[in-house]
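Numbering starts at 1 and runs along the sequence shown. Values in this document were obtained by computation on a predicted structure and should not be read as measured data.
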Amino acid sequence: MASFSEACPDLGQPCYDACVEHGFVRGVRLERERVPDFGRYPFDIPAVRDLETLDLDPGVTFFIGENGSGKSTLLEAIAIILGLNPEGGSQNFTLAERPSESELHRYLTPIRSHRRPRRRFFLRAESLFNVATEVERLGLIGDMALGWEALHERSHGEAFLWLLRDRFLPGGLYLLDEPEAALSPKRQLAMLTRMHDLVEGGPQLLIATHSPILMAYPGACIYELDEEGLKRVRYEDTEHVQITRDFLAQPARFLKHLLDDGSGR
């Protein structure tokens, strides 16, 4: 069982029980007795197969791992049980261009705190185009009270940052799936600044990412999903950080190894 309250003393983080009032969702629980078959997708994913209760940081929680490790599948399921559209948007969005979500959400139960978020939003880099189209369909553009702009008139990255700046407000619950896909390294730094502004206002963020820049956010809880399951890790111990750091220190050596002997294929 992944437990933030048990892990934080070892990682030098503030005690979960002391700051739980700052979060909206304390965690999620897999109703294992109801799971029909742990031998089929998505229950055969190691991070899901061994899941019991997953405690969430009241501030920022990251899910990291290789492609196929289940981080986006888990984040999507959490979004659905919190009343959000699997393709992204706020709790009022109902777009469904191509339903593809797994059935994991049917067997997850949220563990809520007594607080309720002022706003909820699920932001997926891969479906931002669909969200922009839904904004137009709902007639939200141009209404000063609603504050939406025409996202299709912005670049992918600009639209993403606009949402972070203008639609994400303090006191909200925000889930982001691989936001770095839309952002340059410089814009990822801008996102860190915006995250900090938000966190000081008491929101909760759950983020699936590959970005060593984003996961460097101070005090964040990082869960790594791999073939052994799911565990909490230190930032400096993540493979993302180690590979990026080593490559940037000696790119010529890495390229020689990868390209000369074909080991990167």
Side-chain angles (χ1 to χ4, degrees), residues 2-29 53-65 71-72 74-79 81-84 90-91 108 110-124 160-161 163-165 167-180 183 188-225 230-238 240-241:
S3 176
F4 177 75
S5 53
E6 293 175 0
C8 60
D10 296 332
L11 295 169
Q13 299 294 335
C15 178
Y16 178 85
D17 293 331
C19 56
V20 67
E21 65 271 19
H22 299 300
F24 304 107
V25 185
R26 300 180 62 172
V28 295
R29 180 185 301 111
T53 299
L54 177 66
D55 293 331
L56 300 173
D57 190 279
V60 181
T61 300
F62 287 110
F63 300 110
I64 69 170
K71 60 186 182 302
S72 293
L74 179 59
L75 186 70
E76 176 187 79
I78 294 174
I81 64 174
L82 296 177
L84 292 164
S90 72
Q91 62 267 31
L108 280 183
I111 304 170
R112 304 178 188 270
S113 74
H114 66 279
R115 298 181 65 228
R116 293 292 178 267
R118 293 173 53 196
R119 175 171 293 177
R120 290 171 288 152
F121 207 103
F122 182 27
L123 190 53
R124 311 186 70 159
F160 209 95
L161 285 175
L163 285 168
L164 287 174
R165 185 184 68 248
R167 304 308 300 174
F168 285 22
L169 303 175
L173 174 61
Y174 306 111
L175 292 79
L176 298 91
D177 188 16
E178 299 187 10
E180 70 277 6
L183 304 174
Q188 290 179 46
L189 294 175
M191 178 176 166
L192 279 177
T193 301
R194 180 55 181 156
M195 284 173 57
H196 187 62
D197 292 340
L198 288 170
V199 168
E200 288 191 331
Q204 188 173 18
L205 294 95
L206 310 180
I207 305 172
T209 186
H210 291 291
S211 171
I213 294 177
L214 296 182
M215 67 180 74
Y217 187 81
C221 171
I222 303 176
Y223 281 117
E224 184 174 58
L225 289 69
L230 182 152
K231 61 181 180 295
R232 189 174 177 190
V233 295
R234 297 176 184 272
Y235 172 74
E236 59 270 19
D237 294 334
T238 64
H240 302 69
V241 171

What are the two closest heavy atoms between A208 and P179, and how far apart are they? O-CD, 3.6 Å
Partner residues of F63 under the ring pair (Phe, Tyr, Trp, His ring centres under 6.0 Å) criterion, sequence neighbours left out: none
Closest approach of L183 and Q188, non-hydrogen atoms and distance? O-NE2, 3.4 Å
Can you name the nearest heavy-atom pair linking L169 to L198, along with the distance? C-CD2, 3.7 Å
Tell me whether Y235 contacts the main-chain N or O of P212 through its side chain, where contact means a donor paired with an acceptor under 3.5 Å. yes
Taking only residues at least two apart or on different chains, which pairs with a member in residues 207-225 satisfy salt bridge (Lys or Arg N to Asp or Glu O under 4.0 Å)? E224-K231
F122 and A79 have their tightest heavy-atom pair at CD2-CB, 3.6 Å
Looking at CZ of R119 and CG of L173, how far apart are the two atoms once the value is rounded to the nearest 0.5 Å? 12.5 Å
What distance do I207 atom CD1 and I222 atom CD1 have between them, rounded to the nearest 0.5 Å? 10.5 Å
Residue pairs passing the salt bridge (Lys or Arg N to Asp or Glu O under 4.0 Å) test with at least one member in residues 203-213, sequence neighbours excluded, are none
Rounded at 0.5 Å granularity, tell me how far CZ in R120 sits from CD in Q204. 13.0 Å
Sequence neighbours excluded, the answer for side-chain contact (heavy atoms from CB on, under 4.5 Å) partners of H210 is N67, K71, E178, E180, H240
Return the minimal non-hydrogen interatomic distance between R232 and C221, and the atom names on each side. NE-SG, 3.4 Å
Taking it one step at a time, do D57 and F62 satisfy side chain to side chain contact (heavy atoms under 4.5 Å, CB included)? CA-CA 9 Å; D57 190 279; F62 287 110; over 6 Å; no
Verdict with reasoning, L74 to L230, per side chain to side chain contact (heavy atoms under 4.5 Å, CB included): CA-CA 11 Å; L74 179 59; L230 182 152; 4.1 Å; yes
Could you list the residues that satisfy side-chain contact (heavy atoms from CB on, under 4.5 Å) with I81, not counting sequence neighbours? V28, H105, L108, P110
Any residue meeting side-chain hydrogen bond (donor to acceptor under 3.5 Å, both in side chains) with S72, in chain and number order, not counting sequence neighbours: D177
Hey, could you give me each pair passing salt bridge (Lys or Arg N to Asp or Glu O under 4.0 Å) that has a residue in residues 201-212? Not counting sequence neighbours. none
Contact check, side chains of Y223 and D55, non-hydrogen atoms, under 4.5 Å: yes
In chain order, what residues pass the side-chain hydrogen bond (donor to acceptor under 3.5 Å, both in side chains) check against E200, with sequence neighbours excluded? H196
Please collect all salt bridge (Lys or Arg N to Asp or Glu O under 4.0 Å) contacts where either partner lies in residues 201-222, sequence neighbours excluded, each pair once. none
Verdict with supporting geometry, L214 and L176, side chain to side chain contact (heavy atoms under 4.5 Å, CB included): CA-CA 12 Å; L214 296 182; L176 298 91; over 6 Å; no
Audit row: L82, F24, side chain to side chain contact (heavy atoms under 4.5 Å, CB included) steps and yes/no: CA-CA 10 Å; L82 296 177; F24 304 107; over 6 Å; no
Please identify each residue that fulfils ring pair (Phe, Tyr, Trp, His ring centres under 6.0 Å) with F168, with sequence neighbours left out. F121, Y174
Starting at CG of L123, measure out to CG of L84 and round the result to the nearest 0.5 Å. 11.0 Å
